[in-house]
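Below, chain A is the first sequence line, B the second, and so on; all start at residue 1.
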There are 2 protein chains.
Amino acid sequence: MSVTLKDVAQAARVSVSTASRALTGTGLTSERTQQRLVRIARELGYRPNPIARGLKTGQSRLVALLVHNLTNASFQVMAEVVQARLKALGYQMLLCIGGDDPQQESDTLTTLVDHRIDGLIVVPTGKNGPQLKALSKDVPIVCLVRRDDATDLETVLADDPQGAYLGTRHLIELGHKRIGLIVGRQDTTSGRERLSGYVRALREAGIARDDTLIHAGHFEPETGATCARKLLDLPRPPSAIFVANHEATLGVLRVTAERNIAIPDDLSLLCYEDMPWFEWHRPAISIVDNGARDLANLAVDRLLHRMDKGNGNDGVREYRVGARLIKRDSCRQIDAQVPAKSAKSKSSSSKSSAAKSAKV
Amino acid sequence: MSVTLKDVAQAARVSVSTASRALTGTGLTSERTQQRLVRIARELGYRPNPIARGLKTGQSRLVALLVHNLTNASFQVMAEVVQARLKALGYQMLLCIGGDDPQQESDTLTTLVDHRIDGLIVVPTGKNGPQLKALSKDVPIVCLVRRDDATDLETVLADDPQGAYLGTRHLIELGHKRIGLIVGRQDTTSGRERLSGYVRALREAGIARDDTLIHAGHFEPETGATCARKLLDLPRPPSAIFVANHEATLGVLRVTAERNIAIPDDLSLLCYEDMPWFEWHRPAISIVDNGARDLANLAVDRLLHRMDKGNGNDGVREYRVGARLIKRDSCRQIDAQVPAKSAKSKSSSSKSSAAKSAKV
DNA sequence: AGCGTTTCTGCAATCGTTTGCAGTCTATCG
DNA sequence: CGATAGACTGCAAACGATTGCAGAAACGCT
């Protein structure tokens with residue numbers, strides 16, 4: 001069907017091997033033949049067959065990125081970054097969606113190595129450590145965003161302790177003393193680390209940790225709703241909620257809408273990780289930015305390094321990418337002892353506007 | 001490195017060919033050897049090498065999905081649907097991001113066929129018709145969401161004329177007479193079709209078409225902002241805006257926020273295609289749903305059909321997936337002749353709440 | 001027992017490359 | 001001028017599977 005190396009060789013009246021050598025640019029052919037073959041190849045529209053090449057060389061020019069989903073904005077930008085970077089280097093990205101499900105992850109992983117991918121960037125579920133470890137002998141692997149504790153794979157992480165600390169401190173500086181935390185499962189790195197950052201900020205400010213204010217749960221909107229309800233039903237509800245579980249955000253917003261809770265007047269809200277619409281939301285939602293773009297870039301850097309410098313163990317196993325606070329309008333200063341409600345007279349008007357659209 | 005067919009054959013003391021036949025399940029081996037080989041293969045952990053197989057058979061078990069980006073929620077769900085469906089059939093999805101850029105699309109396409117993908121679902125830019133047409137001889141291709149007019153490829157489309165009609169009619173039924181339309185580039189199918197649906201609804205209702213209310217532009221938030229400004233600066237601004245260009249939505253929202261325009265009190269807003277957060281936005285945004293999930297499913301159906309029933313021309317070339325209206329809270333009934341403003345006294349309170357968060 | 005089928009198996013070629021090895025040719029040097 | 005190194009080139013064997021063809025074994029039939 002398509003034109004093969006043999007065709008090119010024939011057209012140029014040389015052997016296939018010479019053609020191969022000329023076109024792959026090993027310096028083993030004379031300048032003249034080299035150029036002649038390149039020309040002829042172009043004229044004929046020759047495109048090397050990566051499959052055949054792969055069979056011989058054991059490489060595929062395919063690099064896989066395995067993420068949990070595409071709904072998460074961070075994963076979107078990561079995918080786009082990875083794709084762009086790889087493409088520039090002649091690799092194709094194989095984007096896989098694992099749904100944060102160990103079984104799916106495991107299946108996908110085997111398919112991928114079957115396909116002889118040249119490298120893998122993975123957001124691990126954390127439940128397939130042994131498999132990942134085994135595979136990492138055949139394929140360079142870099143973990144992203146989460147660590148898989150059962151492995152010693154090179155890992156690029158957001159600086160979650162720092163991010164959570166920054167966020168919590170921001171709320172504290174605004175005068176909040178009772179800060180609700182909705183955080184991810186505690187069997188994930190990010191879940192634990194964000195909690196620890198929160199705790200640290202509290203401790204530094206001399207605020208006692210109150211476990212009724214801390215809720216950890218699965219990465220789903222429904223979880224966010226449940227946790228928010230629990231927090232708001234407390235005898236002394238928090239004056240601010242830090243949603244450090246990205247997927248939970250929508251759930252929290254639903255609950256505040258349902259209950260006509262005005263943000264930031266009745267409740268300050270701070271979220272982790274940006275979404276494109278946070279900025280346009282009313283009020284615009286303040287966030288701790290985990291630096292998805294930087295994370296992805298670094299992961300690619302590390303992977304490429306492994307791919308051509310060899311897949312060995314070299315010192316560093318963990319990289320951290322700094323987080324930063326982006327202040328928008330969902331957190332407000334509260335006056336020392338006064339309960340959140342009677343801050344400015346405005347709150348009633350915003351309550352009414354909330355009521356308008358609460359009937360979801 | 002990994003265990004090959006030869007290893008299995010040796011272990012079973014048969015020839016490679018027998019092993020191959022037994023494991024691929026052609027009925028050409030005896031029941032006994034068949035089972036024996038399957039067992040041995042499992043014991044040894046044999047996994048067929050898709051590359052080697054591909055070289056011989058010309059197939060890769062890879063199916064590509066080429067979309068513009070992943071920010072668009074429709075593309076997200078499509079990707080997830082396609083991935084799930086294909087995976088169940090033993091294919092790997094190659095997700096590619098073309099950025100709606102003809103050059104990138106073209107590059108990606110050639111890489112993909114180089115990799116001998118078994119099928120392709122593509123959201124075409126519309127600028128690479130000839131190339132697509134040529135490739136479609138080698139690979140089954142199904143176009144999604146947009147038609148490439150230079151080809152006669154099988155295409156799965158949203159029913160945009162119908163969707164735009166439905167949306168516009170909804171606004172008309174609410175009493176709107178001046179309805180602004182922000183729509184996509186008129187050199188895309190969807191752009192043209194949505195415009196035509198809008199026009200049809202107007203005509204049916206006996207409302208004269210006013211071209212100052214119609215703005216077509218690129219698929220970017222910035223475009224949305226520009227168009228929105230133009231509409232709102234009109235001597236007689238519209239009482240409703242139909243944003244039939246998904247990417248433009250954020251831009252429109254920005255402008256309404258900047259200008260403290262309350263939705264739906266001062267302006268009704270209807271958008272095309274859902275985003276996960278529309279429902280939680282205040283007010284929740286009414287939409288015309290293009291049925292992304294159905295579209296993706298149908299595209300996969302058609303592709304699979306081509307992939308095993310042959311890549312020939314069979315009658316139907318265009319499939320339409322119905323659109324439907326989802327009413328939420330961003331559109332309001334307006335009173336016959338009275339200008340939008342003085343509807344209910346509420347508008348002032350909502351204005352103030354808008355003001356609070358406008359300082360983005 | 002002899003013969004024709006049917007059923008199973010193995011040999012070897014093939015897919016399109018890459019690559020070790022050996023051979024050819026030219027140029028250089030003594 | 002002959003020897004020899006050096007620069008190119010071609011042959012053929014891989015890579016790991018699939019598959020046409022032919023031979024072998026087993027079976028049924030007369």
A.B. asks: Hey, does the side chain of A:Thr18 come within less than 4.0 Å of D:dG10's phosphate (OP1/OP2), counting only N and O?
C.D. replies: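 Answer yes for this pair, as a side-chain N or O of A:Thr18 is under 4.0 Å from OP1 or OP2.
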A.B. asks: Take the protein atom CG of B:Leu5 and the nucleotide atom C1' of D:dC15, then report the distance between them rounded to whole Å.
C.D. replies: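 B:Leu5 atom CG is separated from D:dC15 atom C1' by 13 Å.
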A.B. asks: Is A:Arg116 side chain donor-acceptor paired with the D:dG16 base, going by distance under 3.5 Å alone?
C.D. replies: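 Looking at the base of D:dG16, it does not pair with any donor or acceptor on the side chain of A:Arg116 (distance under 3.5 Å).
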A.B. asks: Whole angstroms only, please: what is the CZ-C1' distance between A:Arg61 and C:dT17?
C.D. replies: 15 Å
A.B. asks: Can you tell me if A:Arg53 touches the phosphate of C:dT18, counting only side-chain N or O atoms and a distance under 4.0 Å to OP1 or OP2?
C.D. replies: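 It does, given that an N or O in the side chain of A:Arg53 lies less than 4.0 Å from OP1 or OP2 of C:dT18.
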A.B. asks: Once you round it to whole Å, what is the distance between C1' of C:dT9 and CD of B:Glu31?
C.D. replies: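 The answer, rounded to whole Å, is 16 Å.
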A.B. asks: CG of B:Leu44 versus C1' of D:dG16: gap in Å, rounded?
C.D. replies: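 Rounded to whole Å, this separation is 16 Å.
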A.B. asks: Go nucleotide by nucleotide along DNA chain D from the 5' end; which of A:Thr33 and B:Tyr46 gets its closest nucleotide reached first?
C.D. replies: A:Thr33
A.B. asks: Pairing donors with acceptors under 3.5 angstrom, does anything connect the side chains of B:Thr18 and B:Ser15?
C.D. replies: yes
A.B. asks: I'd like to know if A:Ser17 reaches the base of D:dC11 with its side chain, counting only an N/O donor and acceptor under 3.5 Å.
C.D. replies: yes
A.B. asks: For B:Ile51, which contact category applies under a 4.0 Å heavy-atom criterion: base, sugar-phosphate, or nothing?
C.D. replies: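 Counting heavy atoms under 4.0 Å across all strands, no contact is made by B:Ile51.
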A.B. asks: If each of B:Thr57 and B:Val14 is mapped to the nucleotide of DNA chain C with the nearest heavy atom, which maps nearer the 5' terminus, i.e. the 5' end?
C.D. replies: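 It is B:Val14 whose nearest nucleotide is closer to the 5' end.
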A.B. asks: Any salt bridge between A:Asp114 and B:Arg53, counting N to O under 4.0 Å?
C.D. replies: no
A.B. asks: Rounding to an integer number of Å, can you tell me how far A:Lys6 NZ sits from C:dT17 C1'?
C.D. replies: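 About 12 Å, once rounded to whole Å.
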A.B. asks: Taking the basic N atoms (NZ, or NE/NH1/NH2) and the acidic carboxylate oxygens, is any pair closer than 4.0 Å for B:Asp301 and B:Arg306?
C.D. replies: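 Between B:Arg306 and B:Asp301 there is no salt bridge, as every charged N stays at least 4.0 Å from the carboxylate O atoms.
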A.B. asks: Test the A:Arg39-A:Tyr46 pair against the cation-pi criterion, namely NZ or CZ under 6.0 angstrom from the six-membered ring centroid and within 45° of the ring axis.
C.D. replies: no
A.B. asks: Taking atom types as modelled and ignoring hydrogens, do the side chains of B:Thr57 and B:Arg116 form a donor-acceptor contact shorter than 3.5 angstrom?
C.D. replies: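 Note: B:Thr57 and B:Arg116 side chains miss the donor-acceptor criterion.
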A.B. asks: So if I take every side-chain heavy atom of B:Arg21 and compare against D:dA17, C:dC8, C:dG10, which nucleotide ends up nearest?
C.D. replies: C:dG10
A.B. asks: Quick one: the side chain of A:Arg47 and the base of C:dG16, do they pair up donor-acceptor inside 3.5 Å?
C.D. replies: no
A.B. asks: What's the CZ-P distance between B:Arg32 and C:dT7, to the nearest Å?
C.D. replies: 18 Å
A.B. asks: Can you tell me the distance, in whole Å, between the CD atom of B:Gln10 and the P atom of C:dG10?
C.D. replies: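 Taking CD of B:Gln10 and P of C:dG10, I get 13 Å after rounding.
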A.B. asks: Would A:Asp149 and A:Arg147 pass as an ion pair if we require N to O under 4.0 Å?
C.D. replies: yes
A.B. asks: What integer distance in Å separates A:Asn49:CG from D:dC15:P?
C.D. replies: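 Rounding to the nearest Å, CG of A:Asn49 and P of D:dC15 are 18 Å apart.
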A.B. asks: Select one nucleotide: of C:dG20, D:dT18, D:dA17, the one nearest the side-chain heavy atoms of B:Thr4.
C.D. replies: D:dA17
A.B. asks: When we call it a touch if two heavy atoms are under 4.0 Å apart, what does B:Ser20 touch: a base, just sugar-phosphate, or nothing?
C.D. replies: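 Since a base atom lies under 4.0 Å of B:Ser20, the category is base.
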A.B. asks: Which part of the nucleic acid, if any, lies within contact of B:Pro50, taking any heavy atom under 4.0 Å across all strands shown: a base, the sugar-phosphate backbone alone, or nothing?
C.D. replies: nothing
A.B. asks: Which part of the nucleic acid, if any, lies within contact of B:Thr29, taking any heavy atom under 4.0 Å across all strands shown: a base, the sugar-phosphate backbone alone, or nothing?
C.D. replies: sugar-phosphate
A.B. asks: Find which nucleotide of DNA chain C each of B:Ser15 and B:Leu55 is nearest to by heavy atoms, and output the residue with the more 5' nucleotide.
C.D. replies: B:Ser15
